[in-house]
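Chain identifiers are assigned alphabetically (A, B, ...) following the order of the sequence lines, protein sequences preceding nucleic acid strands; residue numbering begins at 1 within each chain.
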Amino acid sequence: MNKEFEFVIGLEVHLQVKTESKMFCRCAADYFGQKPNSRVCPVCLGLPGALPVPNALAVKKCLSLCLATNCQINKISKFDRKNYFYPDLPKGYQISQYDLPLGENGFLEFDVDSDSRRVRIRRIHLEEDTGKSMHTNEETLLDFNKSGIPLIEIVTEPDFVDIEEVLAFAKRLRQTVRFLGISNADMEKGQMRYELNMSLRKVGSQKLPQYKVEVKNIGSISVLEKVIKYEFERQADILASGKLPTQETRGLRDLSGKTYSQRIKEDADDYRYFPEPDIPPMHFSDEYLEEIKSTICELPQARKHRYVFDYKLEPDTAEVLITSKVRSDWFEEAIEKIKDTALIKEIAKWLIKDVNAIIKEQKLKLSELKFTPKQFSQLVEMLYQKKLSGTLAKQVLAEMNSTGDEPEAIVNRKGLSIMADETELIKVIKTVFKDNANVVGDTKKNPNAAKFLLGQVMKATKGKADPAESARLIADLLSKE
Amino acid sequence: MAVNRDITEKVADLIKIAIPSSEIDHYASQLNTALDQVDVLQEINTESTPITAQTHGLTNIFGEDHASESLDLDDYHNNKNFRKGYFVVKKVI
Amino acid sequence: MDIKKATIKDIQEGLINKSFSAKELVQEYFHGINSRNKTINAYIYLDQESAEMQAELVDAKLKKSEKILPLEGVPAALKDNFNLIGTPTTASSNMLRDYISPYNATVTERLIKSGALLLGKTNMDAFAHGSSTETSDFGVTLNPYNQEHVAGGSSGGSSAAVAADMCCYAIGSETAGSVRGPAAWCNLYGFAPTYGRISRYGVVAMGSSLDRPGVLANSVYDCALVTDSVSGKDEKDATSIPEAETTYAHNLKAELNNNIKLGIPKQFLDDRIDSQVREQVMQQIKELEKKGAKLIEIDLLDPKYSIAVYTIVSRSEISSNLARLDGIRYGHSSEQVLESIIEQIALNRYEGLGNEARQRSMTGAYVLSAGYYDAYYKKAQQVRTLIIEDFNKAFAKVDLIIGPTMPSVAPKLGVTSGNPVFGELADMLTEPSALAGLPCISVPAGFNNEGLPIGMQIFGPQYSEQLVLNTAYFYEKHLAK
């Protein structure tokens with residue numbers, strides 16, 4: 001990227017809140033994939049005479065996000081009308097929040113590699129989503145199922161110093177809202193959208209750029225990355241030629257990151273905000289806020305740090321574990337009461353690799369596995385205590401998932417215990433040597449010969465021998481031949 | 001405060017009513033009459049007066065998050081622009 | 001059967017005593033409608049067939065001597081800004097001329113549940129923007145007492161329908177004085193309880209913080225009974241008072257409270273008010289004094305401030321409330337099809353909205369727009385506080401406030417055209433209490449020397465409906481002309 005310039009980026013995130021009904025009416029909120037205009041009523045269709053009634057749970061969920069991101073809560077808050085005309089805005093105004101948003105002046109902490117970062121959040125407010133427009137060649141088709149869905153808007157300060165920071169912020173925010181249970185943030189269903197506000201200035205300049213470009217409706221973090229890179233080049237080229245990029249709203253036509261001019265914004269739109277007369281103001285008591293605070297679970301960033309500092313897990317490993325609350329909760333249950341950090345590490349490793357492999361292969365959810373986290377950690381513990389070889393452990397795991405039996409029971413039933421007795425093992429090895437004398441003779445020249453012998457030992461012990469231990473003994477015995 | 005043609009046109013555009021040029025003066029005059037009528041408020045000192053937006057004094061009125069039935073648009077009589085389940089307009093550019 | 005000035009009691013007694021059947025009664029009313037409505041133009045929608053069917057159901061009940069509901073069998077009318085499912089709900093506007101409502105207003109639902117027998121929908125100033133019904137797109141409504149004069153507005157059709165014995169009672173709505181005003185000019189009782197007492201859900205919104213449904217009737221008891229049938233908390237209206245339905249009729253007593261203090265505002269009797277109106281109303285008030293009421297002259301903020309506040313607040317809310325009328329999902333759309341949808345919306349609105357709706361929307365947009373909000377809208381909301389405080393001070397000294405309802409009698413047809421602020425000026429005596437949401441009633445107070453009706457209003461603090469109604473009931477029984 002052009003090294004003359006640096007970017008000034010602010011992010012606006014729109015998040016659909018997970019509720020049963022819409023923000024201001026009780027139409028079902030599960031509109032995705034439903035017949036068009038089948039989740040509408042006088043309120044969300046904007047019929048004459050209809051009135052809004054705010055969704056209590058949506059307010060609660062937004063407040064929990066505000067508290068989780070250290071915002072100051074406006075204890076007296078209200079809704080306001082944002083007035084403008086657009087075909088997918090049925091009332092000709094959007095019920096939103098203007099000067100008393102639910103939360104202000106918070107921040108989100110996250111990591112870029114091993115570096116701890118923080119980005120300030122200017123405000124978080126609650127509003128309603130608009131309908132959906134689908135464009136054909138000649139026409140626009142309007143579907144109002146999405147109209148009135150509760151939407152949380154998060155606006156950041158322009159604190160981002162590099163592109164990795166923007167992406168890491170977006171990821172951590174998404175994890176956080178999922179952890180809190182306030183949104184599924186399913187990108188494919190459009191439940192989380194980004195709006196980029198970006199301009200460039202000369203590197204080291206303290207002044208705010210004299211223009212701002214807005215790119216709306218970015219539907220994924222990967223596209224966000226492409227858009228930032230595209231815009232950087234585009235704006236840098238214009239600036240380098242001595243001109244100023246046009247202050248405008250740009251949009252996307254595909255997932256390539258390329259942006260197109262949509263609307264030239266000379267001045268700010270005049271939305272003629274005024275307090276929503278149909279909805280009484282909200283007064284939040286300290287007790288109510290405390291109650292919400294008490295329901296906030298351990299958040300991804302805090303959980304990651306606990307994994308790194310308390311359990312000594314690698315940051316990368318911890319990061320993978322907190323990808324989803326379900327996964328990390330499962331992990332928490334598996335390691336409950338275990339103090340040995342080396343064992344915890346082993347459990348983490350097996351969860352990420354082997355359990356994940358089963359899930360992927362059989363297309364399951366963690367909750368659909370036939371074994372419990374506790375059973376899983378018992379198995380890993382057996383492996384850790386060398387009661388079982390790695391190969392066997394994998395087999396047992398597979399069996400656990402088909403029968404749901406306890407690992408110890410499976411091991412005993414199948415007589416799968418690792419051959420713990422060294423004397424027994426040496427006996428087997430000596431027998432194998434005898435039956436494969438010619439191979440034994442080859443070992444000095446051919447390194448694969450020893451491997452072959454090891455394979456024979458494993459076969460003879462039906463996999464119960466510990467491969468590493470066997471290899472060591474084989475080498476030892478060969479050296480004495 | 002006199003509202004001129006320019007401002008009247010801007011306001012008509014804000015509120016999306018296509019007032020033809022020939023009628024702008026008429027609406028400018030009406031706008032001015034209304035604004036003249038409200039000038040009297042400047043006579044009153046409201047320096048530290050709080051606003052009243054609503055008279056009922058209610059706070060914290062919410063609806064519980066339960067879904068109920070939606071309208072069945074199969075029976076919708078205002079279907080001039082309603083085709084194959086969508087409201088159809090000329091393409092929004 | 002004599003339906004002249006018949007009350008709900010008169011009618012239900014007649015039905016129960018079998019003096020007439022419900023069907024005969026409905027036919028009698030339609031006889032009057034068929035001969036008078038074409039000139040008076042009170043109704044803009046009638047359904048005789050449906051009314052007769054409803055009447056037949058009542059007759060079936062009566063035959064079995066089943067108990068009838070509080071409003072059953074009594075022909076009534078609904079102002080055309082109240083949604084009635086399956087019928088045109090036009091708010092007397094070209095914009096909604098062909099709009100067939102897919103839902104019932106809460107008031108409509110509750111009326112039907114109480115057995116109301118609806119004959120049709122009544123004419124009004126388009127979108128309730130006026131005090132004379134002259135801004136209706138369906139023609140003006142004539143005053144039954146003198147057809148060269150207007151009936152008043154915006155509930156002109158409802159008032160004329162009752163006054164001309166084309167129904168027993170009618171539902172209207174008041175934003176400034178749209179129930180009291182036409183009641184005064186048509187010699188009726190017009191009652192509007194405290195803002196929030198009756199749900200606004202399904203009433204085409206004009207001024208959201210001001211609108212309230214009300215009743216036009218031939219007696220105070222009817223006003224009370226109808227109010228009781230439709231009042232009470234509505235889940236669909238967040239501004240509805242969270243109390244159960246009222247019991248005003250049950251508790252109605254024709255009494256003057258001991259030592260009741262009636263406040264007479266100086267400003268309601270100055271030379272802005274027609275001298276005959278002043279004299280006639282003062283005469284009635286003096287009669288109340290003879291019956292034991294204490295008269296106290298009070299000093300209120302000049303109504304010119306209320307006019308200004310009302311103009312700003314209502315027009316702001318209007319500009320926003322009418323924004324949903326873009327002709328896309330319903331309502332008028334132009335024959336002319338334009339390339340740009342935004343221009344199409346503007347053309348649809350220009351064609352569908354009349355002069356009054358256009359100019360009020362424009363004023364509203366102007367006073368809310370950037371740069372003007374503080375000087376106009378915020379200022380108005382601040383003065384609104386002062387007006388409310390002014391009343392609080394007054395009600396510390398007096399129990400109720402009394403005075404003329406309107407500054408004049410019904411004007412001649414055409415007199416008001418060309419005056420862009422006629423509506424707000426005519427309502428100067430009702431706007432102050434409207435801004436405070438106070439419960440109010442207009443009662444017949446006599447006639448001027450041309451035979452045109454004069455009305456007297458009584459209003460009290462919020463939630464003092466029983467006192468207002470009892471006092472009005474006493475007046476009706478002992479003093480009404």
Open item on the list: Is A/L45 in contact with chain B via its backbone, its side chain, both, or neither, using a 4.5 Å heavy-atom distance?
Closed with: side chain
Task: Residues in residues 9-23 of chain B that sit under 4.5 Å from chain A, counting heavy atoms only - done: B/L14, B/I15, B/K16
TODO: Dump the intermediate steps for side chain to side chain contact (heavy atoms under 4.5 Å, CB included) on A/M134 and B/Y86, then the final yes or no.
DONE: CA-CA 10 Å; A/M134 271 164 308; B/Y86 292 95; 3.1 Å; yes
Task: Contact leader toward chain B among A/E138, A/M282, A/H283, where contacts are heavy-atom pairs under 4.5 Å - done: A/H283
TODO: Heavy atoms only, distances under 4.5 angstrom: which of B/L58, B/V88, B/V89 has the most pairs with chain A? Name it, please.
DONE: B/V89
Task: Option in A/R26, A/R272, A/K22, A/E276 with maximal non-hydrogen atom pairs under 4.5 Å from chain B - done: A/R26
- [ ] Please state whether the side chain, the backbone, both or neither of A/P87 comes within less than 4.5 Å of a heavy atom of chain B.
- [x] side chain
Open item on the list: Counting heavy-atom pairs closer than 4.5 Å to chain B, which one of A/I279, A/N83, A/L141, A/L57 comes out on top?
Closed with: A/L141
- [ ] Please report the closest heavy-atom contact between B/I61 and A/P280, naming both atoms and the distance.
- [x] CG1-CG, 3.7 Å
TODO: Give the intermediate values and the outcome of side chain to side chain contact (heavy atoms under 4.5 Å, CB included) for residues A/E139 and B/R83.
DONE: CA-CA 12 Å; A/E139 297 173 327; B/R83 263 183 281 136; 3.4 Å; yes
Task: Reported NZ-to-CG distance for the pair B/K84 and A/N37, which is rounded to 0.5 angstrom - done: 15.0 Å
Open item on the list: Quick check: under 4.5 Å, non-hydrogen atoms only, which of residues 64-82 of chain B neighbour chain A?
Closed with: B/E64, B/D65, B/H66, B/A67, B/S68, B/S70, B/L71, B/L73, B/D74, B/Y76, B/F82
Open item on the list: Given heavy-atom pairs under 4.5 angstrom as the criterion, report whether the side chain, backbone, both or neither of A/S77 touches chain B.
Closed with: neither
Open item on the list: Taking OH in A/Y273 as the centre, count heavy atoms belonging to other residues, nucleotides or ligands within less than 6.0 Å. Is the count above 12?
Closed with: yes
- [ ] Answer with side chain, backbone, both or neither: which region of A/N137 has an atom nearer than 4.5 Å to a non-hydrogen atom of chain B?
- [x] backbone
Open item on the list: If I measure from the heavy atoms of chain B, does A/F144 come under 4.5 Å with its side chain, its backbone, both, or neither?
Closed with: side chain
Task: Closest-packed option against chain B by number of heavy-atom pairs under 4.5 Å, given A/P54, A/P275, A/S133, A/A28 - done: A/P54
